[in-house]
Every structure is written in C-alpha cells, then in structure tokens.
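Atoms within a ligand are numbered from 1 in the order they appear, just like the ligands themselves. Throughout, residue positions are numbered sequentially from 1 according to the sequence presented.
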Amino acid sequence: MQIPDRDTTIHRQLVDGLTDHAIYMLDLEGHILSWSAGAERLTGYAEREAIGAPVTMLHELGPPPAEVLAGARQYGRHEGRVWRRRKDGGCFPAYSVTEAVFDATRLTGFAVVERECGETWRNDHARLAERQFRLLFEGVTVYAILMLDRDGRVTSSNPGVAAIEGYAPDEIIGRHFSIFYGPLDRGRGRPEETLRCAREHGRHQAEGWRYRRDGTAFWATVIVMPIREHGHLIGYAQITRDMTRRKEHENEILKAKRAAEHRYRESRSMSGFLDNVIGNIPIRVLVEDSQTGQILMDNAARSASSTAPAIDADTIVRRLRGRAAKTLDDDEIREMRIGIDTAEGAVRLKCRVMRVNEDAGGAANLMYLVEDVTEEHRAHEKIHFMAHHDALTHLPNRTLFNKRLGQALKAAEYDDTSVGLLLIDLDNFKNINDVLGHPVGDQLLIQVACRLRAALGDAAMLARIGGDEFCVVLPHCSNVGELEAVARRLIADMHAPLVVGEHVVQSGVSIGLVLSSADADNTEELLRCADLALYDAKRGGKGTCSVFHPELHRAARQRLEIETDMRRAYDADEFVLYYQPIMDSDRLTVSGMEALLRWHHPERGVVPPLEFIPVAEETGLIRAIGARVLMRACAEAANWRGEATIAVNLSTVQFDDHALVDHVRDALSSSGLAPHRLELEITESILLDASRNNIRLLEALKALGVKIVLDDFGTGYSSLHYLRSFAFDRIKIDKSFVKEICHDAEAQAIVKAIITLGHSLQIQITAEGVEHIDQATRLRSDGCSHLQGFYFGRPEEQASAALTAPLEQSG
Ligand code: C2E
Ligand code: CA
Ligand code: CA
C-alpha cells in the first residue's frame with residue numbers, strides 16, 4: 001500500500017499519539033506494513049521487528065487472523081474480542097477493529113486498531129470459565145479427575161474419584177497419586193516417569209492396571225497434563241477412566257479375533273495342505289465349470305508324477321464330457337477309460353468323474369480324476385496275450401482256440417453254414433525231440449507253425465493246442481471236400497524237409513477233419529470228433545488225413561469196451577501163447593518157434609492179436625502183457641529138448657519202459673533158458689522212432705546174450721539204412737513179398753537183394769508167410785536160411801509136439 005508523502009508526517013504524529021491503541025496496517029496477505037508507538041508499547045515488539053512480520057505473530061485466542069481479514073474484505077469491517085500475544089510470551093485481551101482500505105476501486109490492505117480491554121472483562125471471563133470448569137469438574141463421575149501439586153500430591157478430587165477409585169475427597173487430599181499404581185509399577189518408577197513425560201511433552205497418556213482403595217484392580221486410561229501459570233508449572237491434572245469393561249470387551253474381541261485368525265491360518269494351512277496334496281498326488285485332478293466348460297482347476301503343472309498324464313486338460317475333458325454330463329443329474333461316480341494319441345504314442349487313461357458342489361446350493365462342477373494307466377494297460381494286454389497265446393509259437397492257445405471256435409460256431413449257425421476243424425499232429429515229433437533235444441524240438445515247432453500259417457489263408461484260425469498238436473478253424477465251410485482240400489495242401493506242404501539249425505528234419509503231419517453239424521455243434525464235441533478222425537488217420541499210416549464219420553464213434557466205443565475187457569482178461573489170464581515153427585531151410589527141420597499171442601475170450605472165442613494189441617499198446621497194458629509173454633515163452637522153451645529157439649515179439653511201447661531189460665533178464669533167469677535161444681523180434685518202427693535210447697536199449701538187450709530180429713523187413717521206407725544202425729542177428733522178410741515172389745518180378749528182385757545183403761552182412765534171413773511149396777522152393781534156391789508159414793505149420797497152442805518129431809518134407 002502506498003501512503004502519500006505529504007500526509008505521512010501528520011498521520012504518523014496522530015497515530016503515535018494514541019498510545020493506548022495499537023494501530024497498524026496490513027497488506028492483502030496479512031503482513032504488517034506500519035507499526036504505531038502504541039502497538040510497540042502493548043505488544044513489546046519494536047517497529048523494525050514488526051514490519052514485514054505476519055499478523056499471526058500476535059494471535060493468541062479468538063477468531064483466526066485469516067478469518068478476520070476475510071470478514072473485513074467481505075463486509076468492509078470486522079471487530080471483536082481477541083487475545084494478543086506479547087513478545088515476552090504473556091498475553092492480553094484486546095478489542096480489535098479491522099477496516100478494509102480501498103484505493104479508488106481496489107482493495108489495497110487493512111487498517112487495524114486495537115485497544116487492551118480492561119480487567120473487568122478479564123475477571124468476568126475468568127469467573128465464567130471458573131464456574132464452567134467447576135461444573136464440569138464436579139458433575140463428571142465417569143472420569144476421576146485429580147489436581148496434583150508439582151510433586152504429585154493430590155490437591156483436589158472430583159466425585160468420579162470416589163465412584164471409580166473409592167476414595168472420598170478427604171481421604172485422598174494430600175496423598176501421593178502413586179497410590180493408584182501397583183507395587184511393580186511403583187518399583188519401576190512409573191508415577192515419576194508419568195509426571196516427567198507430561199512436563200516435557202505437555203501431556204501423557206497411558207493404559208494400565210490401577211488400584212482402588214479396596215485393593216481391587218481396574219484397567220484404566222490415564223491422561224496427565226501439566227498446569228502452568230504464566231509459564232510456570234504449578235501442578236498437574238490427572239484424568240482417569242475405568243476401562244475394565246471395555247478392556248474385557250476388547251479382550252473378548254481380541255480373543256475372537258485371535259480365534260478367527262487361528263481358524264483362518266488353519267484353513268489357510270489346510271487349503272495349503274490340500275493344495276500340496278493335490279499337487280503331489282499321482283493323479284491329474286481337473287475341475288470343470290459345468291456351465292461354461294471352463295477348467296477351474298488343473299494340478300498338471302504341479303503334479304510331477306508320471307501317472308498324472310501331461311495332456312492338455314481340454315483334450316481330456318472333451319473326450320469325457322458327453323458321458324460325464326449324466327453325473328450332474330444322478331450324483332454317481334463314473335469310471336471311464338479312454339485312449340488318447342500323443343506325440344509320445346498312445347496313452348491310456350482311467351478317468352473318474354464326480355460332481356462337486358462349490359457350496360450348499362452353489363453351482364455344481366465336475367471333477368475329473370485322471371490316471372495314466374498306459375503301463376498297466378500294456379501289462380494287462382501282455383498278460384491277456386500271454387493267457388491266450390502260446391509262448392513258443394505266439395499262436396492262439398487252447399483257451400483262445402475254444403473261444404474262437406465257439407464264436408465261429410455261433411456265426412455258422414446264424415448264416416446256416418458249417419465250421420471246419422482240422423486237428424494236426426506232427427508225426428515223429430516225440431522222437432525228434434528225444435534225439436535232437438528240446439531246443440531243436442522248439443525250433444521245429446516254430447517253423448511248423450510258420451509253415452502252417454503260410455499255407456493257410458487269412459480266414460483260417462491256427463492254434464497250438466498241445467505239445468505237437470495244432471488246430472485249424474475254417475469258418476463258413478460248406479462241405480467236407482473243401483476241408484479235405486485244405487488238409488491235403490497242408491500235408492503236401494509239410495512233407496518238404498525243415499531245416500532246424502544244422503539239422504534237416506523230415507516231419508510230416510497227420511490230420512483229423514470234422515465239419516460241424518447238428519450232431520457236432522459245440523467245441524468239445526467237435527474236438528472229440530477231430531481227435532477220432534486223427535486217430536483213424538494215424539492208424540491208416542502217417543502223413544494222411546481222415547474225415548470224421550459216425551463209425552469212428554462206434555469203433556472208439558468198442559475200443560473202450562475192449563480196453564475194459566482186456567484188463568479183466570489179463571487178471572483172468574485169458575491171454576494164451578500159440579507157437580508157430582520156424583524151419584531150417586537146408587535140413588527142413590524145426591529150428592525154433594515164434595510165440596504168437598491169442599485171447600481166449602469167454603464169449604468171442606479166440607481173438608487174433610491185431611484186434612487187441614493196438615488197444616493194449618494205446619493203454620499201456622502191453623507192458624504187463626509183454627512181460628508175462630516173455631516169462632511164459634522162456635519157461636516153455638526151457639522145457640524143450642535140443643537147441644530150438646523161441647522168438648518173442650516186442651512192441652514199440654515196451655521200449656518206452658526201461659524195465660524191459662529187467663523183464664528179459666528175469667525171464668531168462670527164472671526159466672533157466674540159455675540167452676542165445678531167445679530171439680526178440682522188433683519192427684523197424686522202433687528204429688524209425690529211432691531215438692538213441694532205443695538203440696541203447698537194443699544194445700543192452702543184446703548184451704544179455706539174446707538175439708535181435710528185425711521183423712516185417714521191407715515194408716518201411718528206408719529199411720536198408722536201418723540195417724546199418726544196429727547189428728541185427730536176423731531179418732524176417734515180410735510176408736507181403738513172399739506172397740508175390742512167384743509171380744512178381746519186382747518182389748522177387750527185392751527178396752533176392754535182401755538175401756544177398758543178409759549174406760554180405762552175415763545176417764540170417766527168415767522168410768515168413770510161406771504158404772506154398774513153390775514159395776519155399778524159390779526161397780531155398782535164393783539162399784534164404786529159414787522159412788516160416790502155414791505151409792510148415794500154423795500157430796498152435798502146443799509147441800512141444802512139433803519139437804519132439806521133426807517135420808517130414810511134404811511134397
Ligand atoms: P508177426 O510178428 O509178423 O507174426 C506173424 C504173423 O503172420 C502171425 O499172425 C502169424 O499167424 C501170421 N502167419 C504165419 N504164417 C502165415 C502164412 O503162411 N500166411 C499168413 N497169411 N499169415 C501167416 P498173428 O499171429 O495174427 O500175429 C499178428 C501180429 O501180432 C504179429 O505179426 C505180431 O506183430 C503181433 N503179435 C503176435 N503176438 C505178439 C506178442 O506176443 N507180442 C507182440 N508185441 N506182438 C505180437
Ligand atoms: Ca513176428
Ligand atoms: Ca512178421
């Protein structure tokens with residue numbers, strides 16, 4: 001604000017003359033611009049100290065300066081009582097008038113005129129305040145208010161002190177305020193510290209236990225303030241409030257809070273625990289929002305287990321959703337297995353789906369528990385394969401064969417066709433196995449399986465149902481001709497030799513065939529029929545096939561009857577030996593006898609050996625019968641005079657039994673027959689089944705001193721070859737050659753060759769089945785050493801007669 005120069009002096013004199021008044025000018029911001037002598041006298045500030053200082057410097061009580069200026073600005077003037085502060089810290093009440101100063105149109109500042117208000121006002125004011133304070137001090141009972149002197153002794157108390165702390169005013173006045181503290185706090189100097197804090201900071205507030213007159217404690221909030229007069233400490237005011245109830249309440253809240261926190265921590269640790277569990281269980285856990293299809297949870301990232309598949313959750317859920325949806329309605333747990341192709345290969349998953357509710361009445365979601373069961377599945381598949389396939393050839397085994405045959409039969413019934421069944425038996429397998437060993441046998445089976453498989457079409461099912469038994473199922477087979485064609489093809493294919501390691505093995509097959517029909521419409525029956533047909537095929541000779549016909553059933557029944565009957569006959573001693581003479585062809589005398597078995601059947605009469613020996617061989621009864629034959633024949637021969645030999649026929653089956661050598665030895669020793677008089681006749685089938693074992697047995701027999709004869713020579717395949725495998729004592733030319741010898745040049749040539757060979761090997765030759773003199777004559781001229789046949793004598797029950805009187809040459 002600019003004050004014109006010419007007026008300055010007058011104004012100054014005027015203003016400074018009013019010494020009871022403080023007169024000063026302020027700029028718009030409230031800074032002091034001029035300072036009168038009265039202002040200096042009242043406030044104690046010199047002009048140089050005041051000029052430029054803010055007016056707030058003077059403010060003690062009353063409306064704030066900013067408010068005053070704002071009022072003056074708005075209304076042009078503001079007046080009222082205020083308290084002003086002096087430079088020395090003291091203050092005084094003043095009546096203040098603030099005028100807005102305008103320069104033409106603009107507000108330029110404020111002019112302030114103040115005068116100290118007299119003692120009157122001050123006393124009035126003090127009395128009023130005193131009264132108000134008294135009312136407050138005495139009317140209040142919720143606060144215990146004490147006035148203390150500077151040492152902390154009580155100078156006055158309000159009714160609250162009695163109410164809260166139990167002290168009447170006369171009991172407490174003069175006491176030190178530390179009586180409200182407990183001994184511990186007192187010992188620590190708390191009361192003194194409280195006063196010091198209040199003094200230094202203008203106020204001290206604390207909470208703690210305080211004690212009533214009766215010694216009971218209460219929880220108190222205590223405020224202590226210093227009381228000053230003219231800047232000097234004259235004492236303290238202490239305001240105490242009983243907070244016990246609130247404290248209790250707080251404690252309850254605190255307790256509840258702690259409990260809640262505990263529960264929260266627990267639930268948090270529980271959910272953390274569950275998180276951990278879910279993250280570590282070896283199962284993929286997926287939760288799908290059933291409404292949106294969104295995956296809400298997936299533990300894939302956390303689950304390190306290999307059994308929790310690392311497949312995209314959507315891919316899994318998409319595959320399951322259709323069937324899983326039902327779970328939302330019926331609340332059942334569904335189990336499903338699915339296969340998913342991944343870059344690492346096909347993965348097999350076991351999935352359980354169940355409904356999970358977010359909360360009571362909340363939305364239902366679907367939880368999928370997914371396990372990778374690929375390994376398990378593979379193992380199961382392997383076990384399944386192993387249970388249904390033969391470990392050696394990998395062909396279906398009997399179990400699977402039965403199943404497939406059953407299925408084929410059902411299908412055939414449905415479309416009105418038949419099922420063809422081929423039962424294939426490997427000829428000589430047992431011997432190959434024995435001679436060349438099991439590893440070679442196994443390799444042979446594998447090769448046979450391959451060759452059979454190759455020979456059959458895709459429509460046929462090949463199975464291995466036993467050691468060397470294979471089976472073929474031909475579904476939708478219309479006639480037996482079709483079946484036979486397949487069998488013949490197989491037989492032809494199997495005829496070619498197989499190379500197993502360093503061995504070349506010739507192993508043909510025999511096949512039994514059957515076509516399903518109304519009579520044979522189940523697996524068991526069909527197999528039984530095929531078995532009978534196979535039996536028939538083998539009887540007809542190896543490498544052949546035979547079709548089942550009902551007659552085989554009858555024959556089988558008969559065999560069964562014979563078998564039972566034979567056991568009875570053995571016990572009843574119905575087997576009797578007949579003896580047929582064998583002639584020395586030079587002297588035409590009986591050189592020995594062949595023992596030939598007959599069955600004296602009580603109903604059927606005399607049964608020839610060919611009708612019962614095959615059955616006895618099948619059942620094994622031939623062993624017992626054979627042993628008895630040996631005993632009887634030796635005992636009989638021991639009674640003969642002279643050196644006549646006794647020939648006993650041995651069955652191949654008897655060679656399976658290691659007791660054979662013992663039986664022969666026993667027969668010799670118990671009869672006392674000289675070993676060289678016993679001739680054992682074997683057929684080349686023993687050599688064909690030629691295990692080393694059989695040769696060894698033959699050698700063991702020969703070591704006993706008995707003679708070994710090769711019977712039925714010429715009927716087999718490679719008889720000459722067998723002659724080299726063992727040192728036979730005699731060969732018997734089969735009667736089929738003898739029969740043809742007189743009118744078949746080839747038969748004659750063969751017989752001649754055999755005799756020549758026998759000579760060169762120094763083996764005696766017997767020709768059997770000699771029925772005519774012509775035959776005898778020819779054989780004698782060809783150099784055959786012995787002759788046997790009806791021409792010289794039929795088998796008779798009594799042998800001794802022929803031996804007592806040598807036969808005369810007849811004709
Ligand atoms: P095999 O060893 O070849 O016996 C010779 C067979 O020829 C006997 O038949 C005999 O009666 C018959 N036979 C002899 N001379 C003539 C003839 O001139 N013309 C004709 N057509 N046949 C003649 P059998 O007694 O019926 O015996 C048949 C087969 O039974 C024997 O053939 C032999 O392999 C077997 N066999 C007989 N007895 C026994 C025995 O005790 N044990 C064993 N394992 N087999 C026996
Ligand atoms: Ca014989
Ligand atoms: Ca013979």
Side-chain angles (χ1 to χ4, degrees), residues 566 569-570 574-583 590 592-600 605-637 645-657 660 663-664 667 678-686 707-716 719 728-742 751 754 764-776 779 784 786-797 799 802 807:
M566 250 173 26
Y570 178 80
E574 289 173 10
F575 297 110
V576 180
L577 282 176
Y578 278 43
Y579 299 92
Q580 187 182 28
I582 298 161
M583 312 303 291
V590 176
M593 295 280 186
E594 180 174 6
L596 295 160
L597 200 57
R598 300 288 180 269
W599 182 358
H600 282 188
V606 179
V607 182
L610 288 179
E611 275 186 37
F612 65 89
I613 282 185
V615 183
E617 287 180 328
E618 274 164 36
T619 58
L621 194 64
I622 192 68
R623 293 191 190 101
I625 294 172
R628 194 180 275 180
V629 166
L630 273 167
M631 277 296 191
R632 296 262 166 94
C634 288
E636 172 70 28
T645 57
I646 178 74
V648 175
N649 293 283
L650 294 180
S651 157
T652 316
V653 176
Q654 285 173 275
F655 276 76
D656 293 344
D657 192 349
L660 178 64
H663 290 158
V664 174
L678 178 60
E679 294 191 349
L680 299 175
E681 298 194 359
I682 60 151
T683 57
E684 64 178 21
S685 65
I686 284 173
K707 303 270 188 290
I708 307 293
V709 181
L710 185 57
D711 204 353
D712 302 339
F713 191 77
T715 53
S719 301
F728 289 101
D729 297 292
R730 178 189 303 283
I731 298 167
K732 284 180 107 173
I733 300 172
D734 192 69
K735 44 186 178 292
S736 57
F737 296 102
V738 175
K739 201 177 167 190
E740 306 293 328
I741 197 173
C742 290
V751 169
I754 295 171
Q764 293 196 316
I765 312 285
T766 301
E768 62 178 8
V770 181
E771 294 182 358
H772 292 281
I773 177 81
D774 308 350
Q775 293 164 337
L779 287 162
C784 183
H786 293 82
L787 304 170
Q788 182 185 2
F790 295 167
Y791 176 71
F792 299 104
R794 289 181 176 261
E796 302 286 349
E797 223 183 326
L807 278 169

- Message: Within this structure, what is the CD1-CD distance for the pair Ile646 and Glu636, rounded to the nearest 0.5 Å?
- Response: 7.0 Å
- Query: Using the ring of each side chain (for Trp, its six-membered ring), is Trp599 parallel, tilted or perpendicular to Phe612, with breaks at 30° and 60°?
  - Reply: perpendicular
- Query: Do His786 and Arg730 come close enough that some side-chain heavy atom pair is under 4.5 Å?
  - Reply: yes
- Query: With a cut-off of 4.0 Å, which atoms of ligand 1 are near a heavy atom of Glu768?
  - Reply: 3 (O), 5 (C)
- Query: Considering all protein heavy atoms, does one lie under 4.0 Å from atom 38 (N) of ligand 1?
  - Reply: yes
- Give the residue and atom name of whichever protein heavy atom lies nearest to atom 41 (O) of ligand 1, and the separation in Å to one decimal. Leu597 CB, 3.6 Å
- Starting from atom 45 (N) of ligand 1, which protein heavy atom do you reach first, and at what distance in Å? Ile613 CD1, 3.4 Å
- Gln580 neighbourhood, listing ligand 1 atoms whose heavy-atom distance to it stays under 4.0 Å: 14 (C), 15 (N)
- Query: Is there a side-chain contact between Leu577 and Leu597, using heavy atoms and a 4.5 Å cut-off?
  - Reply: yes
- N, O or S atoms of the protein lying under 3.0 Å from the Ca ion (ligand 3): Asp711 OD1, Asp712 OD1, Glu768 OE1, Glu768 OE2
- Query: Do you see a protein non-hydrogen atom under 4.0 Å from atom 34 (O) of ligand 1?
  - Reply: no
- Residue pair Met583, Val590: steps toward the side chain to side chain contact (heavy atoms under 4.5 Å, CB included) verdict: CA-CA 4 Å; Met583 312 303 291; Val590 176; 3.8 Å; yes
- Query: Between Ala633 and Val648, which heavy-atom pair has the shortest distance, and what is it?
  - Reply: CB-CG2, 3.6 Å
- Looking only at non-hydrogen atoms, find the nearest pair between Thr683 and Thr652 and report the distance. OG1-OG1, 4.5 Å
- Query: If you round to the nearest 0.5 Å, how far is NZ of Lys735 from CD of Glu768?
  - Reply: 5.0 Å
- Message: For atom 29 (C) of ligand 1, which of the options Leu610, Val770, Val738, Leu630 provides the nearest non-hydrogen atom?
- Response: Leu610
- Message: I'd like to check Glu740 versus Val751 (side-chain heavy atoms, cut-off strictly below 4.5 Å). Are they in contact?
- Response: no
- Item | Residue portion contacting ligand 1 (non-hydrogen atoms closer than 4.0 Å) for Val629 | side chain
- Nearest protein heavy atom with distance in Å, relative to atom 22 (N) of ligand 1: Phe790 CZ, 3.5 Å
- Message: Under 4.0 Å from a heavy atom of Pro609: which atoms of ligand 1 are those, numbered in the order shown and with their elements?
- Response: 24 (P), 25 (O), 26 (O), 27 (O), 28 (C), 30 (O), 37 (C)
- Task: Quick one: pull up CG in Leu680 and CG in Leu630 and give me the separation to the nearest 0.5 Å.
- Result: 6.5 Å
- Heavy-atom contacts under 4.0 Å between Lys735 and ligand 1: side chain, backbone, both, or neither? side chain
- Item | Considering all heavy atoms, the nearest Gln654-Asn649 contact | OE1-O, 4.2 Å
- Query: Tell me: protein heavy atom nearest atom 31 (C) of ligand 1, and distance?
  - Reply: Leu596 CD2, 4.2 Å
- Message: Are Leu787 and Gln775 packed together at the side-chain level, in the sense that at least one heavy-atom pair is separated by less than 4.5 angstrom?
- Response: no
- Item | Closest protein heavy atom (residue, atom, distance) for atom 42 (N) of ligand 1 | Asn649 O, 3.3 Å
- Query: Can you find a heavy atom in the side chain of Pro609 that is under 4.5 Å from one in the side chain of Leu596?
  - Reply: no
- Query: Would you call Ile682 and Phe728 a side-chain contact if the rule is heavy atoms closer than 4.5 Å?
  - Reply: yes
- Item | Residue pair Ile613 / Ile622, side-chain heavy-atom distance below 4.5 Å | yes
- Where ligand 1 meets Gly789 - atom numbers and elements under 4.0 angstrom, heavy-atom basis: 15 (N), 18 (O)
- min-distance N/O/S atom, Glu594 vs the Ca ion (ligand 2), resolves to OE2
- Query: Just heavy atoms, cut-off under 4.0 Å: does Ile625 contact ligand 1 by side chain, backbone, both, or neither?
  - Reply: neither
- Taking atom 21 (N) of ligand 1 as the point of reference, which of Glu681, Gln775, Arg598, Glu771 owns the nearest heavy atom? Glu771
- Message: Closer than 4.0 Å to some heavy atom of Pro795 - which atoms of ligand 1 meet that?
- Response: 11 (O)
- With a 4.0 Å cut-off on heavy atoms, is Pro608 touching ligand 1? no
- Heavy-atom distance under 4.5 Å between the side chains of Asp712 and Lys732, does that happen here? no
- Item | Taking atom 1 (P) of ligand 1 as the reference point, the nearest protein heavy atom with its distance | Asp711 OD2, 4.0 Å
- Message: Within the structure, is a non-hydrogen atom of Glu594 found at a distance of less than 4.0 Å from ligand 1?
- Response: yes
- Query: Taking the six-membered ring of Phe575, is the NZ or CZ of Arg628 close enough (under 6.0 Å from the centre) and on axis enough (within 45°)?
  - Reply: no
- Message: Within the 4.0 Å heavy-atom shell around Asp712, which atoms of ligand 1 are there?
- Response: 3 (O)
